[in-house]
Colleague: 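The structure is given below, and queries will be raised subsequently.
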There are 2 protein chains.
Amino acid sequence: MTGHPRRSDALHNRARLIEAARALFDEVGTDAASMNDIARRAGVGPGTLWRHFPDKEALTAEVVGRSLDGLAALAAELLDGPGSPDFLREWVSTLVRHITRYRGLAVSYAQAARSGDGPLGARCRAVEEAAARLVERARERGQVRADLTAPELIRLATAVAWACETTAAPDTTTRLLDLLFEGVRPR
Amino acid sequence: MTGHPRRSDALHNRARLIEAARALFDEVGTDAASMNDIARRAGVGPGTLWRHFPDKEALTAEVVGRSLDGLAALAAELLDGPGSPDFLREWVSTLVRHITRYRGLAVSYAQAARSGDGPLGARCRAVEEAAARLVERARERGQVRADLTAPELIRLATAVAWACETTAAPDTTTRLLDLLFEGVRPR
DNA sequence: ACCTGAACACCGTTCAAGT
DNA sequence: ACCTGAACACCGTTCAAGT
C-alpha cells in the first residue's frame, strides 16, 4: 500500500503521474509505456515516480484499481438483484472488457493473479472471490457444469482477453466468449 | 529467408547460435533471453548474431521451425490415416504442447499469425491451412459446430497455451482444452 | 518531507575496422 | 566473405545532493 503523501506538491505530483500513466497506457499500452516516459510526461524526474510508486505494478494498480473494484461491486449487484438469466456471462464479459481496456493488461493481470500478492494481486483475489460466489449461484441454477471452478473461468476469460487485445475486429471478443460459454454449460 | 552462409566458420557460428538460443529459451523463455546473452553464450560478438538472424523472430523461427513444420505433417497424417475419432483434438493438443514448449512463444506466435509475414508468419499460415482442412473434415463428420472457423480455433488454442505457460499444474492444460472442446461441439 | 537529475548496468541495434 | 567489438539511444532503477 503506497502511503499517500501529505505535502501539497507531492499530492499534485502523484495526481499528475497517474494521469500521465493513464494517457500513455491508452496510447501505447501498459507494456510499451516506460517509467521514464511516464515521468517525463508528468514533468517530474524518474526518482519522483519511483518513490511514489515502488513498482510498475503499483502504478498499474492505481490506474485500473477503481475499475477492478467495480467488478466486485457489480458481482454483488448481480447477486442481490432479481437475477438476469445471463448474469454470469454479463459479469465475465465486463471482466474481459476491463482487461482489454489497455493493451498489456492481460499479462499484468495473469502474473498478479498467479503470485497473489502485491497491490494488483490483492485486488485479483477480491475479484476471484466475487467470481466464486457467482459461479456457485450459476451452478445452483444449473447454468454451468457442476465441476466448473472460478479460477479456471477467470483464467479462460483472461486468455480470451489476451487473444482479443491485439485483434482489430471487435466482434471477435463476443464470438470467443460465445464459444467459451458454450464449453462451460452443463453436460 | 536467411540465406545460409558458405564459409565453414560461418556455418559453425550459425549452428552455435541456434544451439545457444535453444538453451536460453529453455532456461528463461524466448522473451527473457536477450540477443546479447545469446551471442555471449555462443561465444560470438553481437554483430555476428544480427547478421545471421536479422530479427529475433528469425532466430525464433529457426529454433521452433522444425516443430512447426511437424504440425503440418501431423495434420496430413491424421487426414490420410484411418481417422481417430478425436483427431482434431489430438492435433490441437499437439499445437498447444508445441506453443508451451518455451515460455513467451505464445506471444511471438500470436504476433506472427496476425501480421502473416516474416519467417514465423509464413509458417503460421501453413499451420492455419492445415487446421482449415482438419476443421472441415471434423465438420463433415459432425464433430464440431458448423460455424467454427480454423482461425478462431487456433486463436483459442493459442490463448489456452498462453494461459498455461506460466501455470505450474500440468493438468491445467488438459482441463482448459476439455472446456474449449466442449464449447466447440455441435449444438 | 519531498524533489532533482546524474549515474549504473543493461537492452536492442548498427557499423567502422579488421582478417 | 565473414567476424569483431566499440558505440548509440534507450531501458529500469538507485541515490547523493539539494530545497
Side-chain angles (χ1 to χ4, degrees), chain A residues 1-21 24-25 27-63 103-104 107-108 111-112 115 118-120, chain B residues 1-21 24-25 27-63 103-104 107-108 111-112 115 118-120:
Chain A
M1 312 298 143
T2 315
H4 283 230
R6 267 149 284 198
R7 249 166 58 174
S8 73
D9 55 342
L11 273 168
H12 183 239
N13 276 339
R14 199 188 135 88
R16 288 193 53 140
L17 283 166
I18 296 177
E19 193 190 355
L24 275 172
F25 286 1
E27 291 173 21
V28 299
T30 63
D31 191 58
S34 85
M35 292 294 262
N36 282 338
D37 270 347
I38 294 168
R40 228 185 328 265
R41 176 93 155 220
V44 304
T48 303
L49 171 54
W50 284 94
R51 196 166 9 75
H52 276 283
F53 305 98
D55 228 319
K56 198 173 188 181
E57 191 195 332
L59 182 54
T60 306
E62 208 58 45
V63 173
R103 195 162 4 118
V107 172
S108 316
Q111 285 170 347
S115 83
L120 254 187
Chain B
M1 314 297 141
T2 316
H4 282 230
R6 267 147 287 198
R7 248 166 58 175
S8 72
D9 55 343
L11 273 168
H12 182 237
N13 276 338
R14 199 187 135 88
R16 288 194 51 141
L17 283 166
I18 296 177
E19 193 190 354
L24 275 172
F25 285 1
E27 291 172 21
V28 300
T30 63
D31 190 57
S34 86
M35 293 294 262
N36 283 338
D37 269 347
I38 294 168
R40 227 184 328 264
R41 175 93 155 220
V44 304
T48 304
L49 172 53
W50 284 92
R51 196 169 7 76
H52 276 283
F53 304 98
D55 229 319
K56 198 174 187 180
E57 190 195 331
L59 181 55
T60 307
E62 208 59 45
V63 172
R103 193 158 11 115
V107 172
S108 316
Q111 285 172 345
S115 84
L120 254 187

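Chain letters run A, B, ... following the sequence lines, proteins first and then strands; every chain starts at 1. This structure is a prediction, so every number in the text was calculated from the model and none was measured.
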Colleague: Hey, is CZ on B/Arg41 packed in by over 12 heavy atoms from elsewhere, all under 6.0 Å?
Modeller: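 Correct, the count exceeds 12.
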Colleague: In whole angstrom, what separates B/Asn36's CG from D/dT4's C1'?
Modeller: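 About 14 Å, once rounded to whole Å.
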Colleague: Between B/Leu17 and B/Phe53, what is the shortest heavy-atom contact and its length?
Modeller: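 In this case the closest contact between B/Leu17 and B/Phe53 is CB-CE1, 4.2 Å.
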Colleague: Who is the Watson-Crick or G-U wobble partner of D/dA9, with both distances under 3.5 Å?
Modeller: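 Per the H-bond distance test, none.
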Colleague: Decide yes or no for A/Glu57 and A/Gln111: does some side-chain heavy atom of the first lie under 4.5 Å from some side-chain heavy atom of the second?
Modeller: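 They are not in side-chain contact.
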Colleague: Taking the minimum atom-to-atom distance to the side chain of B/Ala10, which one of D/dT13, C/dC3, D/dC3 wins?
Modeller: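 Comparing D/dT13, C/dC3, D/dC3 against the side chain of B/Ala10, the answer is D/dC3.
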Colleague: Between P on C/dT13 and CG on B/Asp37, what's the gap in Å once rounded to a whole number?
Modeller: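 Distance, rounded to whole Å: 14 Å.
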Colleague: Below 4.0 angstrom from OP1 or OP2 of C/dG12, is there any side-chain N or O of B/Ser34?
Modeller: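 Looking at the OP1 and OP2 atoms of C/dG12, one of them is under 4.0 Å from a side-chain N or O of B/Ser34.
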Colleague: What integer distance in Å separates A/Glu57:CD from D/dG12:P?
Modeller: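 After rounding, the gap between these two atoms is 15 Å.
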Colleague: Is it true that, when you exclude B/Glu27 itself, more than 12 heavy atoms of the residues, nucleotides or ligands shown sit nearer than 6.0 Å to its CD?
Modeller: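 Yes.
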Colleague: With a cut-off of less than 4.0 Å, is there a side-chain N or O of A/Arg51 near OP1 or OP2 of C/dC3?
Modeller: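 Checking C/dC3 against A/Arg51, a side-chain N or O does come within under 4.0 Å of OP1 or OP2.
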Colleague: Quick one: B/Leu49 CG to D/dT4 P, roughly how many Å, whole number?
Modeller: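 It works out to 12 Å between those atoms.
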Colleague: Quick one: is A/Arg40 getting a side-chain N or O under 4.0 Å of the D/dC11 phosphate, OP1 or OP2?
Modeller: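 Looking at the OP1 and OP2 atoms of D/dC11, one of them is under 4.0 Å from a side-chain N or O of A/Arg40.
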Colleague: What is the distance, to the nearest angstrom, from the CG atom on B/Leu17 to the C1' atom on D/dC2?
Modeller: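 Answer to the nearest Å: 13 Å.
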Colleague: Please tell me if B/His52 has a side-chain N or O lying less than 4.0 Å from either OP1 or OP2 of D/dC3.
Modeller: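 Yes, because at least one side-chain N or O of B/His52 sits under 4.0 Å from OP1 or OP2 of D/dC3.
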Colleague: Within this structure, what is the CZ-to-C1' distance between B/Phe53 and C/dG12, rounded to whole angstrom?
Modeller: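 Distance, rounded to whole Å: 17 Å.
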Colleague: Is the closest side-chain heavy-atom distance between A/Lys56 and A/Ser108 below 4.5 Å?
Modeller: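 No; the side chains remain at least 4.5 Å from each other.
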Colleague: Partner lookup for C/dA1, please. Criteria are Watson-Crick or G-U wobble with both distances under 3.5 angstrom; report none if nothing qualifies.
Modeller: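 Partner of C/dA1: D/dT19.
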Colleague: Got B/Leu59 and B/Met35 here, is their nearest side-chain heavy-atom distance under 4.5 Å?
Modeller: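 Yes, at least one pair of side-chain atoms sits under 4.5 Å.
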Colleague: Determine the interatomic distance between P on D/dA9 and the same-named atom on C/dA6; round to the nearest Å.
Modeller: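 These two P atoms come out 16 Å apart once rounded.
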Colleague: On a heavy-atom basis, which atom in B/Pro119 and which in B/Ala58 lie closest, and how many Å separate them?
Modeller: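 Minimum heavy-atom separation between B/Pro119 and B/Ala58: CG-CA, 3.7 Å.
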Colleague: Out of C/dT4, C/dC3, D/dC2, which nucleotide sits closest to the side chain of A/Val44?
Modeller: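 Of the candidates, C/dT4 comes closest.
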Colleague: Without decimals, in angstroms, what is the distance between A/Leu59 CG and D/dT13 P?
Modeller: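 To the nearest whole Å, that distance equals 12 Å.
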Colleague: What one-letter contact string describes nucleotides 14-19 of chain D from 5' to 3', where B marks a base within less than 4.0 Å of any protein heavy atom, S marks contact via sugar-phosphate atoms alone, and - marks no contact?
Modeller: BB----
Colleague: Taking atom NE2 of A/His12 and atom CZ of A/Arg7, what is their separation to the nearest 0.5 Å?
Modeller: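 So the gap between those two atoms works out to 14.0 Å.
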Colleague: Rounded to whole angstroms, how far apart are NE2 on A/His12 and C1' on C/dA1?
Modeller: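 So the two atoms are 18 Å apart, to the nearest Å.
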Colleague: Whether B/Asn13 contacts D/dC3 is assessed here as follows: a side-chain N or O lying under 4.0 Å from the phosphate OP1 or OP2. Is that the case?
Modeller: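 Checking B/Asn13 against D/dC3: at least one side-chain N or O falls below 4.0 Å of OP1 or OP2.
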